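Fair warning: this is a prediction, and the values are worked out from it, not measured in the lab. Naming convention: chains lettered A, B, ... in sequence-line order (proteins, then strands); numbering from 1 in each chain. Because only heavy atoms are used, hydrogens play no part in the values below, and waters and symmetry mates are left out as well, while side chains stay in.
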Amino acid sequence: MRVSQLFTKTSKTAPADEIAKNARLLIQAGYIHKEMAGVYTFLPLGLRVLENICTVIREEMNAIGGQELKLTTLQDPELWKATGRWDDEAVDVWFKTKLKNDTELGLGPTHEEPLVRAIQPFISSYKDLPVLAYQIQTKFRNETRAKSGVMRGREFLMKDMYSLARTEEEHDELYEKIKQAYYRVFERLGIGEQTFLTFASGGMFSQYSHEFQTITEAGEDTIYLDRAKKIAVNEEVLNDEVLADLGLNRDSLEAVQAAEVGNIFTLKEKFSKPLGLTFTDETGHEQTVLMGCYGIGPSRLVGVITELMADDKGLVWPDNIAPFKVYLARLGDDETVMKAADETYENITALGVEVLYDDRDARPGEKFADADLLGIPHRVVVSAKTVEQGKLEYKRRTEAESSLVDFEALKSLLT
RNA sequence: CGGGGAGUGGCGCAGUCUGGUAGCGCGCGCGGUUUGGGACCGCGAGGUCGCAGGUUCGAAUCCUGUCUCCCCGACCA
């Protein structure tokens with residue numbers, strides 16, 4: 001992609017009405033556009049990052065046998081009345097609307113009910129189980145206060161997986177398998193080091209749920225962390241009984257701010273029972289399916305990764321989720337430089353590496369500043385100097401010094 | 001929802017207290033000089049001053065109402 005063709009531009013100033021670092025930088029760099037409070041458009045560069053995150057998640061969900069589907073955004077009140085969750089008292093974040101004929105509808109804040117109803121016709125025997133089904137879908141939640149940029153929106157993207165098991169043992173196995181997949185996801189997204197399994201409230205059906213909390217000042221939760229054991233306890237469930245149960249010592253805990261990037265829940269029969277999701281077991285008896293649900297917020301992750309990695313020059317993306325891997329800056333417009341830069345663009349692209357080629361008639365400082373602000377992990381410069389020496393200038397976003405390399409060396413740095 | 005702050009060209013801001021018909025920087029267009037960390041000169045385009053009502057000869061400025069945005073708190077299935 002040529003910068004001259006990209007319709008977004010960077011700005012020298014951050015928006016005045018945002019305080020959250022993630023929103024300020026993502027808007028300044030042209031990754032997102034704020035539509036309303038808590039509602040953000042993903043522009044081309046931002047969408048690439050979001051899609052790259054989704055790709056990592058999909059690969060890991062598919063690797064453990066997850067089957068992707070897409071549930072609807074519009075929700076049928078009758079379905080939710082069956083589980084008692086249509087009532088605003090029970091779920092206070094509903095966006096509700098109406099059909100022309102006055103029938104009420106909702107915009108899905110989560111999807112347990114519709115998932116159960118969509119899958120129910122296909123589950124009748126123990127032979128049909130277990131199942132892992134997931135989707136990546138826009139959720140709508142009427143938060144009283146949106147905040148923290150893309151980390152807490154009213155409209156946001158979520159990956160939600162649902163497990164359907166025959167027995168508690170089977171459920172536990174699935175739960176553990178998904179937990180391990182989550183570790184791999186956060187590892188691949190470059191936040192594995194800062195992300196901790198955290199014990200949180202399990203609701204009515206299990207003692208705990210597990211959150212994946214990433215340490216960042218921008219986070220909304222306070223967690224108590226045992227770094228050596230690599231586990232944490234959410235402030236909301238912290239008490240002596242819980243600590244004893246988890247084998248943790250209060251003195252070895254460290255209180256830190258963290259952002260919830262994933263949450264896994266045991267649901268047991270909470271939704272399957274009222275909605276009649278049952279199967280016939282080996283002995284011919286009807287049993288209720290045991291469920292679990294497992295969420296990751298890709299759009300929130302864009303914000304969390306920004307908060308965690310950005311520096312004073314702008315965004316910083318890990319290789320595998322960057323919108324482009326290489327920022328190719330052409331300095332000068334001599335014919336030889338133009339030709340060399342065009343060739344370099346083609347050569348790197350031919351390696352299967354995505355390049356953002358700054359072919360603009362702009363001064364070096366502006367190109368370097370944009371390369372930094374956009375957070376592209378590798379920068380390559382073609383100029384009269386490099387052409388003269390038959391080399392390319394290479395620098396990582398996170399390093400201060402550049403070096404001259406030949407194409408073969410560059411190739412090994414990029415692949 | 002309670003408390004606090006703010007809405008003025010695309011972006012960042014001044015002007016509001018003390019009413020007199022809107023200004024600066026960036027960006028944008030044209031011309032020229034420039035070219036290794038956001039260059040410079042000249043010319044130019046661009047604004048219902050959030051919205052509605054009121055006071056006044058006259059309102060960005062005063063009054064009333066309303067909408068929106070941000071922050072703190074509460075809330076977070």
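No N or O donor and acceptor, one from the side chain of A:Glu366 and one from the base of B:G37, sit under 3.5 Å apart. Between the base of B:G37 and the side chain of A:Asp372 there is a donor-acceptor pair shorter than 3.5 Å.
In this model, the phosphate group of B:C72 is approached by a side-chain N or O of A:Arg145 to a distance below 4.0 Å at OP1 or OP2. Between A:Lys385 and B:G36 there is no side-chain polar atom (N or O) within less than 4.0 angstrom of OP1 or OP2. Between B:C28 and A:Lys9, no contact under 4.0 Å exists linking OP1 or OP2 to a side-chain N or O. Within the structure, a side-chain polar atom (N or O) of A:Arg363 is placed less than 4.0 Å from OP1 or OP2 of B:A39.
Taking atom P on both nucleotides, B:G31 is separated from B:G9 by 29 Å, rounded to a whole Å. Nucleotides B:G7 and B:G50, compared at atom C1', are 6 Å apart to the nearest Å. Taking the P atoms as reference points, B:A14 lies 26 Å from B:A45, given to the whole Å. The gap from the C1' atom of B:G2 to that of B:U56 amounts to 38 Å, rounded to the nearest Å.
Comparing atom distances between the A:Thr144 side chain and each of B:G38, B:A74, B:C69 picks out B:A74 as nearest.
Annotation: A:Tyr183 is in aromatic contact with A:Phe212 [ring centroid separation under 6.0 Å].
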